[in-house]
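Read through the structure below, which is laid out as structure tokens, and then see the notes.
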Amino acid sequence: GSSGGGGGKEGEMDVAEVGGEGEEGSSLRFTECKFKRNLDTNGVLYHIGSRGKKAYWENPGESGEVGISFSSVDEKALVDDFEVFNRDTYVVGLLTDPNDPQPSVTFNFYDRKIT
């Protein structure tokens, strides 16, 4: 997966979002998102948070559209989970415990399929 609008490594990454936006029986919507760099407006998370660039961006974690979980949390971390989606400030430092042998961050896109 990719994060757009914040987080992730800089460099172009192609991501196709397959919606869960349609009603039952309707066709799915496909949107190609090309994350290029931190804080751009091209990534999947920006697309979700701005309703496809049709609304002012709202943190998709805080709105409940995207979930996030960590394998562990560093006791020194001074951020809330959804701040990793924040466009106002850049999260610096570790979020996972430095002693975690396999640190991971998992995004839950719920009814959307991200490939």
Side-chain angles (χ1 to χ4, degrees):
S2 165
S3 62
K9 293 186 178 183
E10 292 194 4
E12 190 167 312
M13 183 180 299
D14 294 346
V15 178
E17 177 184 359
V18 182
E21 304 281 331
E23 294 179 18
E24 187 174 326
S26 67
S27 61
L28 295 174
R29 294 186 334 190
F30 294 85
T31 303
E32 183 177 75
C33 300
K34 291 188 174 189
F35 170 77
K36 295 180 183 177
R37 64 186 165 278
N38 290 337
L39 300 178
D40 71 11
T41 59
N42 304 308
V44 170
L45 292 174
Y46 187 84
H47 179 79
I48 293 170
S50 68
R51 312 284 191 271
K53 297 184 180 181
K54 295 178 182 169
Y56 182 76
W57 187 85
E58 179 182 5
N59 185 319
E62 291 177 355
S63 69
E65 294 201 57
V66 177
I68 188 171
S69 61
F70 301 92
S71 59
S72 62
V73 177
D74 184 353
E75 63 185 38
K76 297 177 186 173
L78 299 175
V79 322
D80 293 327
D81 292 355
F82 299 127
E83 284 187 54
V84 299
F85 302 140
N86 195 338
R87 294 188 61 79
D88 296 326
T89 58
Y90 186 74
V91 176
V92 177
L94 296 174
L95 296 175
T96 57
D97 187 322
N99 297 315
D100 187 338
Q102 294 184 345
S104 64
V105 177
T106 303
F107 297 98
N108 185 340
F109 291 97
Y110 302 114
D111 63 344
R112 291 177 174 87
K113 181 179 178 185
I114 310 296
T115 55

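All values derive from a computational prediction rather than experimental measurement. We use all heavy atoms of the structure for the numbers below, so side chains are in, but hydrogens, waters and symmetry mates are not.
Across every non-hydrogen atom of Lys113 and Thr115, the tightest pair is CE-CG2, 3.6 Å. What you find for Gly43 and Cys33 is that their closest heavy atoms are C-CB, 3.9 Å. Nearest heavy-atom pair across Val66 and Phe107 is CG1-CD2, 4.4 Å. Contact record, Pro60 with Leu45: CG-O, 3.9 Å, taken as the closest heavy-atom pair.
Residues Asn42 and Phe35 fail the side-chain proximity criterion, which asks for heavy atoms closer than 4.5 Å. Glu65 has its side chain out of reach of Glu58: every pair of non-hydrogen atoms, C-beta onward, lies at least 4.5 Å apart. The shortest side-chain heavy-atom distance between Ile48 and Phe109 falls under the 4.5 Å cut-off. Between Asp74 and Pro98 there is a side-chain heavy-atom pair separated by less than 4.5 Å.
Contacts of Asp100 classified as side-chain hydrogen bond (donor to acceptor under 3.5 Å, both in side chains), with partners at least two apart in sequence or in another chain: Ser71, Ser72.
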